[in-house]
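Report on the following structure.
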Amino acid sequence: MTDLNARYAPRQRPRWFWPAIAAVGITLGIAFAAWVGFQKDPVTGRLWGYEVKSDNQVAVKVDVIRPDPIDVTCTVYSQAADHSIVGEKTFDVPASRREKVRVFVDIETERRGVNGVLRTCVPAD
């Protein structure tokens with residue numbers, strides 16, 4: 001039986017190799033996170049409030065913020081007490097010179113909803 005290290009030269013990496021690889025990976029990860037974090041969203045939607053009007057209707061107020069006058073499509077929904085979705089509505093917000101627009105939307109529900117939730121606001125296709 002022969003010693004493999006004697007037959008084949010051992011593969012040695014410098015001590016700094018793996019820490020250098022880790023440092024490069026961490027630096028790239030932080031740079032990517034910063035790049036994604038500072039990207040300007042074309043549209044931002046915020047739920048301003050909601051009101052349960054009846055067993056079959058929930059009204060929501062949504063603020064749509066967009067720096068450019070573009071058409072926007074938003075989706076809102078309402079949940080019941082057991083967290084199931086009981087109503088959903090997609091609506092369009094036409095382009096406007098105003099950067100911030102407040103929209104009032106009524107959601108028809110199949111049974112009593114207890115809240116209103118903003119799912120998305122995205123530029124219209």
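Note that the structure is predicted; figures quoted are calculated from it, not measured.
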Ignoring hydrogens and geometry, is there a side-chain-to-backbone donor-acceptor pair from [X] to [Y] under 3.5 Å?
X: Asn115; Y: Gln79; value: yes
X: Ser54; Y: Asn56; value: yes
X: Thr27; Y: Ala23; value: yes

Work out which heavy atom in [X] is nearest to a heavy atom in [Y]; give both atom names and the distance.
X: Trp16; Y: Pro19; result: O-CD, 3.4 Å
X: Val101; Y: Arg98; result: CG2-O, 4.1 Å
X: Thr90; Y: Thr73; result: CG2-CG2, 3.5 Å
X: Val62; Y: Cys121; result: CG1-SG, 4.4 Å
X: Cys74; Y: Leu118; result: CB-CD1, 4.5 Å
X: Pro69; Y: Ala95; result: O-CB, 3.6 Å

Taking the side chain as every heavy atom from C-beta outward, state whether [X] and [Y] have any atom pair closer than 4.5 Å.
X: Arg102; Y: Trp48; result: yes
X: Glu99; Y: Arg66; result: no
X: Ile107; Y: Val76; result: yes

query = Under 4.5 Å between side-chain heavy atoms, hopping through other hydrophobics if needed: is there a path connecting Leu47 to Val103?
reply = yes
ask   = Cluster question for you: counting only ILVMFWY and a side-chain heavy-atom cut-off of under 4.5 Å, with indirect links fine, are Tyr50 and Val114 together?
value = no
Are [X] and [Y] within salt-bridge range, i.e. N to O under 4.0 Å?
X: Asp82; Y: Arg111; answer: yes
X: Asp55; Y: Arg112; answer: yes
X: Glu88; Y: Arg119; answer: yes

State the [atom1]-[atom2] distance between [X] and [Y], to the nearest 0.5 angstrom.
X: Phe17; Y: Gln12; atom1: CZ; atom2: CD; answer: 13.0 Å
X: Ile21; Y: Arg13; atom1: CD1; atom2: CZ; answer: 9.0 Å
X: Thr120; Y: Tyr77; atom1: OG1; atom2: OH; answer: 10.5 Å

message = Tell me if the CZ atom of Arg46 is crowded by more than 12 foreign heavy atoms within 6.0 Å.
response =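 No, the 6.0 Å shell around CZ holds no more than 12 heavy atoms from other groups.
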key: Co-members of the apolar cluster containing Phe32 [side chain, <4.5 Å]   =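 Members other than Phe32 - counting any ILVMFWY side chain reachable under 4.5 Å - are Trp35, Val36.
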Members sharing Phe38's hydrophobic cluster (side chains within less than 4.5 Å) =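 The other cluster members (ILVMFWY side chains, heavy atoms under 4.5 Å, direct or chained): none.
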key: Audit row: Val43, Ile70, side chain to side chain contact (heavy atoms under 4.5 Å, CB included) steps and yes/no   = CA-CA 9 Å; Val43 176; Ile70 57 174; 3.7 Å; yes
task = Test side-chain hydrogen bond (donor to acceptor under 3.5 Å, both in side chains) on Thr109 and Ser78 and set out the steps.
result = CA-CA 7 Å; Thr109 61; Ser78 180; 5.9 Å; no
